[in-house]
Amino acid sequence: MNKSLVTLAVAALAGFGATAAHADTLDDVMAKGYVQCGVTGGVPGFSAPDANNVWAGLEVDFCRAVAAAIFNDAEAVRYTPLTSQERFAALSAGEIDILSRTTTWTMSRDTDLGISFIGTMYYDGQAFMVREADGITSALELSGAAICIESGTTTELNAADYFAANNMEFNTVVFVDQDEVVKAYEDGRCDVYTTDGSALAAERSKFANPAEHVILPEIISKEPLGPVVRQGDDRWFKINRWVYFALLEAEELGVSSTNVDEMLGSDNPAIKRLLGVEGEFGTPIGLPNDWAYRIIKLVGNYGESFDRNVGPSTDIGLERGLNALWTDGGLQYAAPIR
């Protein structure tokens with residue numbers, strides 16, 4: 001009986017290995033001619049369509065960068081808006097190639113769902129927003145308040161932990177979709193809106209009178225947000241991971257969309273490797289050697305994407321903070337191309 005169990009276990013592992021070995025998302029993407037990207041229904045600065053249904057945002061730029069690396073065309077992307085409840089099932093079912101949708105990297109998601117996180121596009125943390133007229137200045141004053149929360153996220157557990165740790169009454173009003181949460185808060189059905197701090201800033205920018213709403217100073221969680229791919233396709237995972245690193249490396253080396261052609265003549269060995277002038281760094285992942293040049297030329301580096309989508313000069317107005325490069329005191333750090 002024990003031998004039978006061992007035989008079954010080995011067979012199951014062999015079957016899993018065969019499935020993983022035959023997964024080839026890059027070939028599928030190249031055959032259809034575009035990257036299918038899972039995004040939010042619309043969070044300004046991260047992934048949102050304009051009036052002409054043109055998508056933009058920090059997370060959209062990641063998918064555009066992958067398309068640029070593969071097709072030399074940053075617009076070779078199609079977008080699938082997904083709710084928090086739909087996102088992982090859509091990825092697992094192969095309905096999308098990349099999930100780039102304000103998704104927090106946690107251990108349970110990383111180990112239980114058959115997915116792999118690429119990196120952290122935005123280091124965030126959960127916060128609370130209230131109406132300025134209520135005179136609330138701290139999250140410690142929120143005991144008993146009605147709190148709007150989106151289900152299927154890390155938000156509810158974080159808030160429950162925070163309220164329990166501070167011996168406060170926790171009173172939630174839960175909704176399935178982010179848009180429902182925002183509308184409920186605007187309509188006065190709850191006193192507080194809680195989610196990632198960046199999302200609060202993004203949603204506040206759309207209000208008729210943003211100044212009437214205050215994001216409280218407490219950050220109650222760690223929310224590393226990043227793109228996700230299915231497990232079982234190592235080449236696709238590595239393509240996405242090195243696209244992420246290339247965006248960071250370009251900024252660190254001072255290579256941007258405006259000077260990338262000039263930088264082709266640089267004497268800096270790291271820049272030469274990044275732009276494909278020296279070495280063979282595209283071939284191992286199925287891409288041409290100028291894959292990173294394409295990204296920078298068509299999308300820009302990480303800093304350019306941050307500044308145009310969520311930076312201080314935008315309506316969202318976020319500072320780099322933890323999302324600054326490590327050389328500037330932040331956490332963004334790329335493995336070297338060598």
Side-chain angles (χ1 to χ4, degrees), residues 25-26 29-30 35 37 57-77 97-98 100 116-123 224-227 229 233-311 320 322-338:
T25 308
L26 177 61
V29 166
M30 293 182 71
V35 175
C37 182
L58 188 67
E59 293 170 327
V60 165
D61 274 354
F62 179 78
C63 292
R64 296 178 66 243
V66 174
I70 297 170
F71 298 111
N72 198 22
D73 179 3
E75 307 313 313
V77 186
D97 305 310
I98 306 167
S100 190
S116 295
F117 284 82
I118 299 303
T120 302
M121 284 293 288
Y122 191 89
Y123 289 94
L225 308 177
V229 295
D233 188 342
D234 194 52
R235 180 167 71 165
W236 186 243
F237 171 79
K238 288 180 177 178
I239 287 171
N240 281 265
R241 181 169 64 183
W242 284 98
V243 166
Y244 166 66
F245 284 151
L247 291 165
L248 296 176
E249 183 83 341
E251 182 183 7
E252 182 179 338
L253 294 172
V255 184
S256 68
S257 59
T258 58
N259 69 10
V260 65
D261 288 319
E262 177 186 346
M263 287 293 192
L264 287 169
S266 172
D267 293 328
N268 186 325
I271 293 176
K272 288 183 176 182
R273 291 192 294 269
L274 173 68
L275 300 182
V277 176
E278 287 187 355
E280 295 285 336
F281 295 99
T283 303
I285 54 174
L287 298 178
N289 274 345
D290 67 345
W291 61 276
Y293 166 86
R294 295 175 172 188
I295 293 170
I296 302 161
K297 180 71 173 179
L298 299 175
V299 180
N301 62 39
Y302 178 86
E304 290 180 276
S305 179
F306 188 101
D307 287 344
R308 70 169 167 260
N309 289 304
V310 298
R320 286 291 290 266
L322 295 177
N323 294 289
L325 296 179
W326 67 284
T327 50
D328 296 323
L331 297 179
Q332 293 291 4
Y333 185 107
I337 297 175
R338 67 165 65 108

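Salt-bridge check for Asp73 with Arg294: failed, with every basic side-chain N at 4.0 Å or more from each acidic carboxylate O. Taking a cutoff of 4.0 Å between a charged side-chain nitrogen and a carboxylate oxygen, Arg320 and Glu251 qualify as a salt bridge.
To the nearest 0.5 Å, atoms CG (Leu325) and OH (Tyr333) are separated by 12.0 Å. Once rounded to the nearest 0.5 Å, the distance linking CG of Leu287 with NZ of Lys238 reads 13.0 Å. Between atom CD1 of residue Ile271 and atom CG of residue Leu253 there is a gap of 5.0 Å, rounded to the nearest 0.5 Å. Taking OG from Ser305 and CD from Glu59, the interatomic distance works out to 10.0 Å, rounded to the nearest 0.5 Å. To the nearest 0.5 Å, atoms CG (Asp290) and CZ (Phe281) are separated by 14.5 Å. Here the OG1-CG distance, from Thr120 to Leu225, works out to 8.0 Å after rounding to the nearest 0.5 Å.
Residues Ile70 and Trp291 form no side-chain contact, since every pair of their non-hydrogen atoms from C-beta on lies 4.5 Å or further apart. Residues Phe71 and Val29 have side chains in contact (heavy-atom distance under 4.5 Å, counting atoms from C-beta outward). Between Leu298 and Arg64, every side-chain heavy-atom pair lies at or beyond the 4.5 Å cut-off. Side-chain contact between Phe245 and Glu249 is absent, with no heavy atoms from C-beta onward closer than 4.5 Å.
Checking side-chain atoms of Asn268 against main-chain N and O of Ala270 turns up a donor-acceptor pair under 3.5 Å. Counting only distance, with no hydrogens or angles, the side chain of Asp307 and the backbone of Glu304 share no donor-acceptor pair below 3.5 Å.
A donor atom on one side chain and an acceptor atom on the other are not found under 3.5 Å apart for Thr327 and Glu252. Looking at Asp61 and Tyr302, their side chains never bring a donor and an acceptor atom within 3.5 Å of each other. No donor-acceptor contact under 3.5 angstrom links the side chains of Asp97 and Thr25, judged on distance only. Side chains of Gln332 and Tyr244: a donor on one and an acceptor on the other come within 3.5 Å.
Counting non-hydrogen atoms of neighbouring residues, nucleotides and ligands closer than 6.0 angstrom, the NZ atom of Lys272 exceeds 12 such neighbours.
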**Message:** Please determine whether side chain to side chain contact (heavy atoms under 4.5 Å, CB included) holds for the pair Phe62 and Val299, giving the CA-CA distance in whole Å, both sets of side-chain angles, and the decisive distance to 0.1 Å.
**Reply:** CA-CA 9 Å; Phe62 179 78; Val299 180; over 6 Å; no
**Request:** Please test Asn301 against Phe306 for side chain to side chain contact (heavy atoms under 4.5 Å, CB included), starting from the C-alpha separation and ending with a verdict.
**Result:** CA-CA 9 Å; Asn301 62 39; Phe306 188 101; over 6 Å; no
**Request:** For side chain to side chain contact (heavy atoms under 4.5 Å, CB included), just list the numbers for Leu274 and Ile296, CA-CA rounded to whole Å, side-chain angles, deciding distance to a tenth of an Å, and then say yes or no.
**Result:** CA-CA 10 Å; Leu274 173 68; Ile296 302 161; 3.9 Å; yes
**From CA spacing to verdict: side chain to side chain contact (heavy atoms under 4.5 Å, CB included), Leu322, Tyr122** = CA-CA 8 Å; Leu322 295 177; Tyr122 191 89; over 6 Å; no
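Ile337 and Arg273 get closest at one heavy-atom pair: O-NE, 2.7 Å. Smallest separation of non-hydrogen atoms from Gly254 and Asn259: O-ND2, 3.0 Å. Residues Ala246 and Ala292 share a closest heavy-atom pair of CB-CB, 4.2 Å. Nearest heavy-atom pair, Met121 versus Pro227, reported as atom, atom and distance to 0.1 Å: CG-CD, 3.5 Å. Here the shortest heavy-atom pairing between Asn323 and Tyr123 reads OD1-N, 2.6 Å. Listed here is the closest heavy atom pair of Ser257 and Gly300: CB-CA, 4.0 Å.
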